[in-house]
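After the structure tokens below, expect a handful of questions from me.
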Number of protein chains: 2
Amino acid sequence: MKALIVDDDRTLADLLAFTLRRSGFEPYLAYDAPSAMNLFNQVPVEVIVLDINIPGAPGLKDGFDVCRNIRKISEVPIILLTVRDDEEDILRGLDFGADDYVQKPFSPRQLVARIKAVLRRSDSARIQNLAPYAHDDVMFDPNLREFMRDGHEPVSLTKLEARLLDYLMLNMGQVLPTEMVIDHVWGPGGGNSEMLRQLVRRLRKKIELTPDDPVLIHNRPGVGYGFAIK
Amino acid sequence: MKALIVDDDRTLADLLAFTLRRSGFEPYLAYDAPSAMNLFNQVPVEVIVLDINIPGAPGLKDGFDVCRNIRKISEVPIILLTVRDDEEDILRGLDFGADDYVQKPFSPRQLVARIKAVLRRSDSARIQNLAPYAHDDVMFDPNLREFMRDGHEPVSLTKLEARLLDYLMLNMGQVLPTEMVIDHVWGPGGGNSEMLRQLVRRLRKKIELTPDDPVLIHNRPGVGYGFAIK
DNA sequence: TTTCATAGTGACAAGGTTGTGACAAATTAG
DNA sequence: CTAATTTGTCACAACCTTGTCACTATGAAA
């Protein structure tokens, strides 16, 4: 899967390229707005990671312009990298057709998760190479959306349930802030905490042995949700 | 929360001071580069609003120099005021370690929003990236908001408790003035000493072995609170 | 010692968060 | 097109968090 990475911080861009390649992507790099457009016109990439603050040229001065121009001619998913947590920047980016945003600083792993979430949300593309997760006596195959526990029948999950479980298991052992989980499942601004609570409830009912006393999906009040490990 | 405002336009500086004071800040004013450095060395400000075009002196000729000099010795957030929307000015400023910039003309309200965003960012960036604290037989993980003591069950802290403990442990061994602690926990103008007393009480109850005779969080009457070491 | 500001304690209430059940709307499958 | 499934919304309860009040204890200065 070809991915276009646009960032003028070459160290960061290289790091992202390395991580994406390890995750099965084929990264292409650009360091400024014009060469980003150039590369996009030559290579049929399937996802774009785009820093907002990149050097530009007259008529194409930053990442916003790149985003807007690409959106004119393509539906390819775009993930913005924003430096400040300025609502305005984010809203502007989403207005210009971006699919998601990630705030610096972020871990490459987070970005990969985000990319996968975007790809999964956009019905056009689909990730084929997702490896099944395993933990203790349970297993989850995101492709089949099938959850299995040793000695039990497999359980099939819904789209949203699978998205949630995928995100939680990808970050196994961590507690993920509620807001982040919501963004990953429903996309930025697409969900709310009520919806997440219901989804968690329904997922627990399917995969926990004792839904009343959940072991796999636990909550840390005031923070968020995590998969296993305390 | 002490803020340093540096601008040679006294009318504007006064307006900013007024607005910031109304937003809970305690503004200090300087009208040129040398007096800005002077004031900075005397007052422990927690954020700086710095015009680029200010009168200077040999070796300290404008706002850029002030920015660079302050950055050599402090991590305090700096917000630049630029007159033109000259990319070069902005990039140069960010290179010199500024955290954000605002282009004149701007509304005071916008500036306050920007300041708060920068403060939030520097806070959360630190909390997300810093390893857990350790001291003697206790440990605190700000990510999970979890406090642990050897041989005891982990205790989960609330948002405010975690913010307080984070601040105290970050400055371990020092006594932090009450006002500063309040500002860091509740933000500028958001808290009072009564609330801090309650918070300290609740935190002590959770993490001290003998809350009646606190060892970790101690008070110096008339000054403030400190973590460990006397 | 007296006085006053600062610091600690207990209790209460408003508001927020999480989990739950029921139901309606939307989507999907046959 | 209809029926089943999935998803979103509402209402409610249990619990936790947080600000506030009233009161007591402490310590420094007059």
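Below, all heavy atoms of this structure are taken into account, side chains as well, without hydrogens, waters or symmetry copies. The chains referred to below are lettered A, B, ... by the order of the sequence lines, with proteins before strands, and numbering in each begins at 1. All figures in this text were calculated on a predicted structure; none of them were measured in a lab.
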Find out whether the Lys NZ or Arg CZ of B:Arg10 is both under 6.0 angstrom from the six-membered ring centre of B:Tyr31 and within 45° of the ring's axis.
yes

May I ask you to verify if any side-chain N or O of A:Thr158 is less than 4.0 angstrom from the OP1 or OP2 atom of D:dT7?
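Affirmative; the distance criterion is met.
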
Rounded to whole angstrom units, what separation is found between the CZ atom of A:Arg204 and the P atom of C:dG21?
13 Å

Would you tell me if any nitrogen or oxygen in the side chain of A:Arg201 comes within less than 4.0 Å of OP1 or OP2 on C:dG21?
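Affirmative; the distance criterion is met.
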
With no angle test and no hydrogens, is the base of C:dG19 tied to the side chain of A:Arg197 by a donor-acceptor pair under 3.5 Å?
yes

D:dT18, OP1 or OP2 - any side-chain N/O from B:Trp186 closer than 4.0 Å?
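False: B:Trp186 side-chain N/O out of range (4.0 Å or more) of D:dT18 OP1/OP2.
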
On the 0 to 90° scale, with breaks at 30° and 60°, tag the A:Tyr167-A:His184 ring pair as parallel, tilted or perpendicular.
parallel

To the nearest Å, give me how far apart CD (A:Glu179) and C1' (C:dT17) are.
13 Å

Checking C:dT18, C:dA11, D:dC10 against the side chain of B:Arg202 (C-beta onward), the nearest is C:dA11

Does a side-chain N or O from B:Asn219 land closer than 4.0 Å to OP1 or OP2 of D:dT26, or not?
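No, B:Asn219 has no side-chain N/O under 4.0 Å of OP1/OP2 on D:dT26.
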
Rounded to whole angstrom units, what separation is found between the NZ atom of B:Lys159 and the P atom of C:dG16?
11 Å

B:Leu196 CG - D:dT20 C1' separation (whole Å):
15 Å

Thinking salt bridges, do A:Lys2 and A:Glu46 make one under a 4.0 Å N-O criterion?
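So A:Lys2 does not pair with A:Glu46 through a salt bridge.
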
Ignoring backbone atoms, test whether B:Tyr225 places a side-chain nitrogen or oxygen under 4.0 Å from the OP1 or OP2 oxygen of C:dT6.
no

Nearest-angstrom distance from the residue atom CG of A:Leu203 to C1' of D:dT6:
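Atom-to-atom, A:Leu203 to D:dT6, this comes out as 14 Å.
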
Please report, rounded to the nearest Å, how far the C1' atom of D:dG19 is from the CG atom of B:Leu164.
16 Å

May I have the distance from B:Met195 (atom CE) to C:dA13 (atom P), rounded to whole angstrom?
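It is 20 Å, rounded to the nearest whole Å.
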
Strictly below 4.0 Å, N to O, side chains only: are B:Lys205 and B:Asp212 in salt-bridge contact?
no

Residue mapping more 5' on DNA chain C - nearest nucleotide basis, A:Asp212 or B:Thr178:
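Its nearest nucleotide being more 5', the pick is B:Thr178.
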
To the nearest Å, give me how far apart CD (A:Gln198) and P (C:dA24) are.
15 Å

Using a heavy-atom cut-off of under 4.0 Å over every strand shown, decide if B:Leu199 touches base, sugar-phosphate, or nothing.
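The residue B:Leu199 makes no contact with any strand.
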
Compare side-chain N and O positions of A:Arg220 against OP1 and OP2 of C:dT17 and report whether any pair is under 4.0 Å apart.
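For C:dT17, OP1/OP2 do not have a side-chain N/O of A:Arg220 under 4.0 Å.
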
Taking 4.0 angstrom as the limit, do B:Glu161 and B:Arg202 come out as a salt bridge?
no

